[in-house]
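One structure is given here, and the rest of the page talks about it.
Chain letters run A, B, ... following the sequence lines, proteins first, then strands; residues in each count from 1.
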There are 2 protein chains.
Amino acid sequence: MASSPPRPGRDTRVARLPPRERILDAAEELFLREGIRAVGVQAIAERAQTTKMALYRHFDTKDALIEEWLRIVAAGYSSAFDRTEAEHPGDGRAQILAVTRFFAEGLPEVAERGCPFVNSIAGLPDRQHPARRLIEDHKATQRRRLTAMCERAGVRDPDEAAAEITFLMEGAQISAQNGSVDRAGERLLTAVEAILERGGADGGS
Amino acid sequence: MASSPPRPGRDTRVARLPPRERILDAAEELFLREGIRAVGVQAIAERAQTTKMALYRHFDTKDALIEEWLRIVAAGYSSAFDRTEAEHPGDGRAQILAVTRFFAEGLPEVAERGCPFVNSIAGLPDRQHPARRLIEDHKATQRRRLTAMCERAGVRDPDEAAAEITFLMEGAQISAQNGSVDRAGERLLTAVEAILERGGADGGS
DNA sequence: CCCGAACGATACCGATCGGTATCACGCGGG
DNA sequence: CCCGCGTGATACCGATCGGTATCGTTCGGG
């Protein structure tokens with residue numbers, strides 16, 4: 001096996017990531033594919049090409065690993081919001097349409113694996129569970145940012161508009177997953193535009 | 001029909017349903033409270049005041065029990081659609097508003113325990129699983145019925161309107177569950193009315 | 001009245017769960 | 001050079017998982 005080159009990278013074409021990242025990657029894949037509760041720590045460790053012991057050196061408990069994973073996913077969505085606000089400074093309407101497009105682009109993936117937050121919350125019936133709190137905090141923050149964008153867009157009732165847009169985004173994910181609505185992305189975009197229209201958004205135009 | 005089931009007569013000590021119903025009731029309660037996968041058959045049997053053996057006499061497997069439960073839940077929604085169609089014959093707009101109100105009224109419950117379909121699908125990653133097929137069939141049927149109602153209401157693009165209303169209903173449930181939107185019921189109704197307005201619904205004939 | 005089916009209880013099956021203990025090895029920094 | 005830490009491997013823990021086997025009891029309809 002490791003005959004001449006002492007250099008690592010024999011069993012992986014790219015340089016191997018540190019165990020912690022490998023574990024998080026493996027957990028993400030399995031959590032999405034099988035569901036939080038159906039996956040055992042043993043399976044995660046194996047897929048990460050390590051052992052349960054190594055996993056428990058980095059995460060106190062399986063639930064802590066779940067929480068950390070969800071934290072990363074939430075950060076991904078947050079940074080997408082950051083980006084759109086940076087790219088369309090002050091233009092609420094453009095920001096909303098951009099994040100809507102972001103959600104729409106993610107729909108094929110969500111249709112296959114489901115939404116990480118929605119699926120996880122189903123396995124976290126305890127409202128005090130740290131991972132569940134994290135999800136709810138994330139969703140509340142996202143909703144606040146959406147409301148702010150609606151205000152910026154000059155919509156008449158920003159609170160109502162943000163609520164409806166939130167419904168549409170969440171519902172598009174669910175309906176894409178259960179296959180009851182085709183062309184979900186286009187429908188989502190159309191519906192959000194209609195809400196902005198109805199609310200009298202300033203529009204960049 | 002001649003022979004009545006062993007219904008609890010008034011001299012029975014405890015009004016007790018037949019084991020099968022008790023098991024389904026217990027399963028419903030636990031599935032909603034803890035989640036499909038987190039509940040063991042032992043726990044279901046105990047809450048139904050019976051044993052695992054009795055449970056397996058009525059259901060081939062735990063998954064079959066899950067499927068049967070979901071079938072009952074789906075039937076409940078279907079009969080709600082039946083009722084509104086019967087109560088507002090030919091009036092698509094009134095039908096849509098009635099089923100929307102039905103969803104809105106269920107939101108407090110959904111906010112607490114989550115949507116049975118959404119939560120279950122998270123624990124059924126296998127698309128071939130009978131219970132998952134049942135959910136997807138149910139959602140597809142519901143979407144078709146909604147489209148028919150939109151046609152009846154004279155909306156310009158019934159397919160699009162039904163899709164958007166579906167998004168709103170599903171999204172309202174999710175957002176109520178994760179607490180990101182308050183007054184979800186009123187918002188849902190407002191949004192659906194706006195879609196009918198925009199689509200040029202007849203208003204009742 | 002009595003027979004068989006449904007029922008309740010208990011014990012058991014192999015597998016897997018989340019989590020821990022132990023130990024040997026490799027590698028890098030003081 | 002060598003010490004120590006992170007690592008990987010293995011074995012183990014008690015508990016629980018879904019599912020089955022074997023009892024004795026209860027009860028209602030032919």
>> Is a donor from one side chain sitting under 3.5 angstrom from an acceptor on the other, for B:Gln173 and B:Gln177?
In response: no

Whole-Å distance, B:Leu55 CG to D:dA21 C1', equals 17 Å

task: Check the angle between the aromatic planes of B:His138 and B:Phe117 and answer parallel, tilted or perpendicular using the 30° and 60° thresholds.
output: tilted

Check your understanding: Do the side-chain N or O atoms of B:His58 get closer than 4.0 angstrom to the phosphate oxygens (OP1, OP2) of C:dA6?
Key -> no

A:Gln42 CD to D:dC13 C1', in whole Å, measures 15 Å

Separation of D:dT7 atom P from A:Phe59 atom CZ, nearest Å, is 11 Å

Rounded to whole Å, the CZ-P distance (B:Arg37 to C:dC17) equals 12 Å

Residues pairing under ring pair (Phe, Tyr, Trp, His ring centres under 6.0 Å) where one sits in residues 47-71 of chain B, two or more places apart or in two chains, turn out to be B:Phe31-B:Trp69

Taken to the nearest whole Å, OH/B:Tyr56 to C1'/C:dC13 is 13 Å

Between protein and nucleotides 8-12 of chain D, what N or O pairs are separated by less than 3.5 Å?
{"residue": "D:dG8", "atom": "OP1", "partner": "A:Arg22", "partner atom": "NH2", "Å": "3.4"}
{"residue": "D:dG8", "atom": "OP2", "partner": "A:Thr50", "partner atom": "OG1", "Å": "2.8"}
{"residue": "D:dG8", "atom": "O6", "partner": "A:Arg57", "partner atom": "NH2", "Å": "3.0"}

In whole angstroms, the gap separating C1' of C:dT16 from CD1 of A:Ile44 amounts to 14 Å

note: A:Lys62, atom NZ; D:dA15, atom P; distance rounded to Å ~ 20 Å

Between A:Thr61 and A:Asp63: side-chain donor-acceptor atoms closer than 3.5 Å = no

Task: A:Val99 and A:Leu146, any side-chain heavy atoms less than 4.5 Å apart - done: yes

Here the pair of heavy atoms bringing A:Asn178 nearest to B:Lys139 is ND2-CG, 3.5 Å

